[in-house]
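Beneath this line is the structure, given in structure tokens, with notes to follow.
Below, read A as the first sequence line, B as the second, and so on, with proteins coming before strands; counting in each chain starts at 1.
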Protein chains: 2
Amino acid sequence: MRRLAMVVLAAGMVVLGILAQRPPAVAEPVASPQVLPDRRVTFRLLAPKASEVAVSGEFMSGSKPLQKDEKGLWSVTAGPLPPDIYAYQYMVDGLKIIDPNNPVVKTGSRPSTTASLLEVPGDGAAFYDTRPVAHGTVQVRWYASKALDSQRRVHIYTPPNYDKETSRYPVLYLFHGANADDTAWTSLGRANRIVDNLLADGKLRPLVVVMPFGYAYAPNDSGGVGLPNSDRQASGFSRDLIEDLIPFVQASYRVYTDRDHRAIVGLSMGGGQALRIGLGHLDLFSRVAGFSAAVPRSNVAEAFKEVAENPKKVNDQLKLLWVGCGTADSLFAADQAFSEFLKTSGVKHTFRATEGAHTWQVWRRYLYEVAPQLFSQS
Amino acid sequence: MRRLAMVVLAAGMVVLGILAQRPPAVAEPVASPQVLPDRRVTFRLLAPKASEVAVSGEFMSGSKPLQKDEKGLWSVTAGPLPPDIYAYQYMVDGLKIIDPNNPVVKTGSRPSTTASLLEVPGDGAAFYDTRPVAHGTVQVRWYASKALDSQRRVHIYTPPNYDKETSRYPVLYLFHGANADDTAWTSLGRANRIVDNLLADGKLRPLVVVMPFGYAYAPNDSGGVGLPNSDRQASGFSRDLIEDLIPFVQASYRVYTDRDHRAIVGLSMGGGQALRIGLGHLDLFSRVAGFSAAVPRSNVAEAFKEVAENPKKVNDQLKLLWVGCGTADSLFAADQAFSEFLKTSGVKHTFRATEGAHTWQVWRRYLYEVAPQLFSQS
């Protein structure tokens, strides 16, 4: 009885302690980012010793200063913002940091990629949301690359019920941009959710999506910094794709192995890779698309010589050649010039000039638009 | 000719510009962390306006101040460090940040988890390294949870050649700790590489590893903060596991469905879950292990009443009951007390008191040690 009383007393003291001891202001968790009901967003940072704090993000150009209160809590409210997913960072006395109160972090193969992610929900489910539909599987695989003499990681999406069926599937090879890695198209691009939703809505023929790592060297290998456009990088990535990855995919998955069931698409650096490898290997690919593609600004005709020399072959063999870029993208002029080059050369293609800059807000929508055009429902 | 001359001139100016314009010191990329040949590690941060910078990490207790040079570049060298993977953070004038020059980031479902990761290589391949052996697949799956009325994500490892074989596999349900998510056991724990390597070395029977999300609410749902030990959390997670996840795994994978081929293991919060759910459902699990498990400190006998009441049943039914904790872990006393409770109750088990604190350096080794004990080579 005495023991029970002690336990009750102890429990009571704990409860009293919780009620009485409000932690000091600095220890309270800071809500950031906070999406308000009208889709304005408040950014906060507790930094009593800082003298200048600003936020920059994909939802605006430039940056916005935060204001400091008497407790050293900085804050600012932006928006209302259109429903979407945005990367943002803080600048604290010249030091660029992520939001320490936000667990959702954008990562990549270079530190410049690291940012916090803000998701502004809309009234209903977005085309990239996890809806209560059948979900495909994202597989993380490793394969031995003879071309690069290394073990390489690749992300592969298989459609719902892949394991329960016996049919073969067409394949989309989908490339990320500079400084990112093979996680990007699912973690930031939500490619798996976009394809799930298109399939659920009957807008897409089931397909396998292969998302490789876009550099010839190992992720986080500092020896590779600055090499994305070098010959070693370009030829290494292309050789790995053709000599190692495609054979690995065809040996490991129930996919068609002819060019008519193989598409190649990429964004930014990966857009340049998709256009160059795709147009350079019409024997392998029948659908080619570049999203905000990094194409040469000056020597386009040289880089795509085979295309200019034999436009009829390209027109005969390609079922889709799609180029899109946001008009606020610094690559817009180059992509427009590339489209002009194709036009001048007599190569049939689609050129989409859309709203937007060099961000995932654009590329998620491009995938949603282009994926249904890749393979007909046969 | 004039045009060509202009082009050559322009190109020459660019080259001259590159040679002449050395960027100012602040724009140079900062090498951090830099692992030196003797395994000492230099941490750097460019923060000219900061007045105090320190680094803290899993390789030491407390923190270490960085020293500032005339350009505002802070640095300090630690170690030599034993080969391993360590989380670390900077404290800049009271603000905790990750290393902005390091792209490798530890993330989770709570902001407190975010840290930079440092990998110190040893002379040969570590037990968690990607060796040139056959690799299993990590699958990211979504399933509909009736118990929680939501779409839930789970990471599932299938062994090499899973797709090419027809045999069934035993299953390990493997839980992460507080503030983490279902990516943790592969991204931080390297569970897939550890199992790959054990399989390649013939030390393990091939198995499927299921790594669920350990909270009953959605990742990043702020409504869930502080609830990990609440009844709603405990019963919600357990119901989702038993009523939804196990049936999903058994419907989707070629696995055995009897208790003799089902193990349950977890770390920290997940260690508490594994011990409580495992020992509370001997009809479902035959192997149970807790790594640095969060078990109740006071009312153990109450929380594990069935165990104390029927030790013979536990001894008869369990093929393995394993509890391990680092002696520098704040949970060590609780885990030791739990082992004492088991001993007093007459329950056979292994209690491993090892070096180490509450970190992944310990848990990777525990998985490497425990996995081979789970299922015999039949």
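Only the backbone of A:V133 comes within contact range of chain B, with heavy atoms under 4.5 Å apart. Heavy atoms of B:N179 lying under 4.5 Å from chain A are absent altogether. Residue contact with chain A, scored on non-hydrogen atoms closer than 4.5 Å, involves the backbone of B:N102 exclusively. Contacts between B:T113 and chain A at a heavy-atom distance below 4.5 Å are absent for every atom of the residue. Of the two parts of B:A115, neither the backbone nor the side chain holds a non-hydrogen atom closer than 4.5 Å to a non-hydrogen atom of chain A. In this structure, the portion of B:L45 lying under 4.5 Å from any heavy atom of chain A is its side chain and not its backbone.
Aromatic pair A:Y215/A:F213: ring centres closer than 6.0 Å.
With sequence neighbours left out, B:P296 forms a side chain to side chain contact (heavy atoms under 4.5 Å, CB included) with B:R276, B:N299, B:A303, B:F304. For B:D149, the side chain to side chain contact (heavy atoms under 4.5 Å, CB included) criterion is met by no residue, not counting sequence neighbours.
Inspection of the B:R193 and B:T130 side chains reveals an N or O donor paired with an N or O acceptor under 3.5 Å.
Rounding to the nearest 0.5 angstrom, the gap separating the CZ atom in B:R152 from the CH2 atom in B:W142 is 13.0 Å.
Minimum heavy-atom separation, B:Y169 to B:S167: CE1-O, 3.5 Å.
Between chain B and the residues A:V138, A:N192, A:T158, the largest count of heavy-atom pairs under 4.5 Å involves A:V138. Counting heavy-atom pairs closer than 4.5 Å to chain B, the top residue among A:L95, A:D163, A:V92 is A:L95. The most heavy-atom pairs under 4.5 Å with chain B, out of A:D196, A:I97, A:D99, come from A:I97. When each of B:K164, B:H155, B:Q139, B:R131 is checked for heavy-atom pairs under 4.5 Å with chain A, B:Q139 comes out on top.
A salt bridge links A:R190 with A:E119: the closest approach of a Lys/Arg side-chain nitrogen to an acidic carboxylate oxygen falls below 4.0 angstrom.
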